[in-house]
Protein chains: 2
Amino acid sequence: MNFKEFEQCGLKRSLDLLSGKWKPLILHHLFQEKEIRFIELWRKMPRVSKKVLVEQLQQMQEHHIIERIELKGFPPQVYYRLHQDTEPLGPALQILDGWGKNR
Amino acid sequence: MNFKEFEQCGLKRSLDLLSGKWKPLILHHLFQEKEIRFIELWRKMPRVSKKVLVEQLQQMQEHHIIERIELKGFPPQVYYRLHQDTEPLGPALQILDGWGKNR
DNA sequence: TAAATGGGTTACCTGAAAGTAAACTTCTTT
DNA sequence: AAAGAAGTTTACTTTCAGGTAACCCATTTA
């Protein structure tokens, strides 16, 4: 295998995009709740700083894994939801979730 | 979500175990070839040092993702193959591989 | 008027993962 | 006896994801 093939390995790419300290949990919540407010999400993960949570969310947006919806008004309201492209992952993530519980 | 729930998230656990700089590629090869010799695997990933490859393989053994088979004789022959527990991941990893190719 | 709110920034720090380079061991081949 | 092969190991360095703590902004409410 050469470097090109390395770069093209879809599995590598997927796992890179989905892993990270908090991304699996974010996914977990978004698959459950469809749409969630920033502050709610933050409260569900008490051990993350806002900064880190924001970073993870921004990266996931860039990679089209989630969408950010900002509503006018006060106090600010920002919702996050899964990007449409991420839906096909549902079955895969469910298998992984089950598998991960037994170790 | 409390910390306990965080620790119990199967998806998080799975992704932790499967990701890493070289693990997805190792999986990729083992799903293709069933059984592969250390040196062969190493040659297919020219940009890893042996040390790092050994480390990744050892971790994957500890986590029962792969098995190590050592044959008597000289030169040493060590084969790696998927652990039986890993087989149910096949479909999930295939979905991820496909998904990852489009980004 | 000052405190609280939601959704972030800014600046700086740290530890663990991964990298490099070399050596080790045991046997075979030349 | 010298060199090479397979599979590690050892010692040291580098990188960067994630961590902490404090601050910003515009409004509302007490």
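Numbered from 1 within each chain, the chains take letters A, B, ... in sequence-line order.
- Heavy-atom distances under 4.0 Å link DNA chain D to A:Lys51, A:Val52, A:Gln56 of residues 50-66 of chain A, given in residue order.
- Ring-plane geometry between A:Phe38 and A:Tyr80 is classed as tilted, the angle between the planes lying from 30 to 60 degrees on a 0 to 90 degree scale.
- As a whole-Å value, the separation of A:Ile26 CD1 from D:dA17 C1' is 14 Å.
- Under the side-chain contact (heavy atoms from CB on, under 4.5 Å) test applied with B:Val48, the options B:Lys51, B:Met45, B:Lys50, B:Lys44 reduce to a single match, B:Met45.
- Among the atoms of the strands shown, only primed sugar atoms or phosphate atoms (P, OP1, OP2) are found under 4.0 Å from some heavy atom of B:Gly20.
- Taking atom NZ of B:Lys72 as the reference point, atom C1' of D:dA6 lies 15 Å away to the nearest angstrom.
- Heavy atoms of A:Pro76 sit under 4.0 angstrom from at least one base atom.
- Panel note: side chain A:Ser19, backbone B:Ser19; no donor-acceptor pair is recorded below 3.5 Å.
- Between the side chains of A:Gln59 and A:Lys23, a donor-acceptor pair is found at a separation under 3.5 Å.
- Taking the 5' to 3' direction, DNA chain C first and last meets chain A under 4.0 angstrom from a heavy atom at C:dT5 to C:dA11.
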Side-chain polar contacts of residues 93-102 of chain B - donor-acceptor pairs under 3.5 angstrom, sequence neighbours left out - could you list them?
{"from": "B:Asp97", "atom 1": "OD1", "to": "A:Gly10", "atom 2": "N", "distance (Å)": "3.1"}
{"from": "B:Asp97", "atom 1": "OD1", "to": "A:Leu11", "atom 2": "N", "distance (Å)": "2.7"}
{"from": "B:Asp97", "atom 1": "OD2", "to": "B:Lys101", "atom 2": "NZ", "distance (Å)": "2.9"}
{"from": "B:Trp99", "atom 1": "NE1", "to": "A:Asp85", "atom 2": "O", "distance (Å)": "3.0"}

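- Residue A:Tyr79 is classed as having no contact, given no heavy-atom separation below 4.0 Å to the nucleic acid.
- Residue B:Glu70 is classed as having no contact, given no heavy-atom separation below 4.0 Å to the nucleic acid.
- Hydrophobic clustering (ILVMFWY, side-chain heavy atoms < 4.5 Å, transitive): B:Tyr79 and B:Leu41 are in distinct clusters.
- Between the P atom of D:dA5 and the CZ atom of B:Phe38 lies a distance of 15 Å, rounded to the nearest Å.
- Linking ILVMFWY side-chain heavy atoms closer than 4.5 Å, directly or via other members, places A:Val54 and A:Ile26 in a single hydrophobic cluster.
- Put simply, A:Arg47 has no side-chain N or O that comes within less than 4.0 Å of OP1 or OP2 on D:dT20.
- For the OP1/OP2 pair of D:dG19 and a distance below 4.0 Å, the side-chain nitrogens and oxygens of A:Trp22 include at least one atom meeting the criterion.
- Contact check for A:Ile66 versus A:Gln61: side-chain heavy atoms found under the 4.5 Å cut-off.
- Separating the CD1 atom in B:Ile36 from the CG atom in B:Leu82 is a distance of 11.0 Å, to the nearest 0.5 Å.
- Atom CD1 in B:Ile39 sits roughly 12 Å away from atom C1' in D:dG4 (whole-Å rounding).
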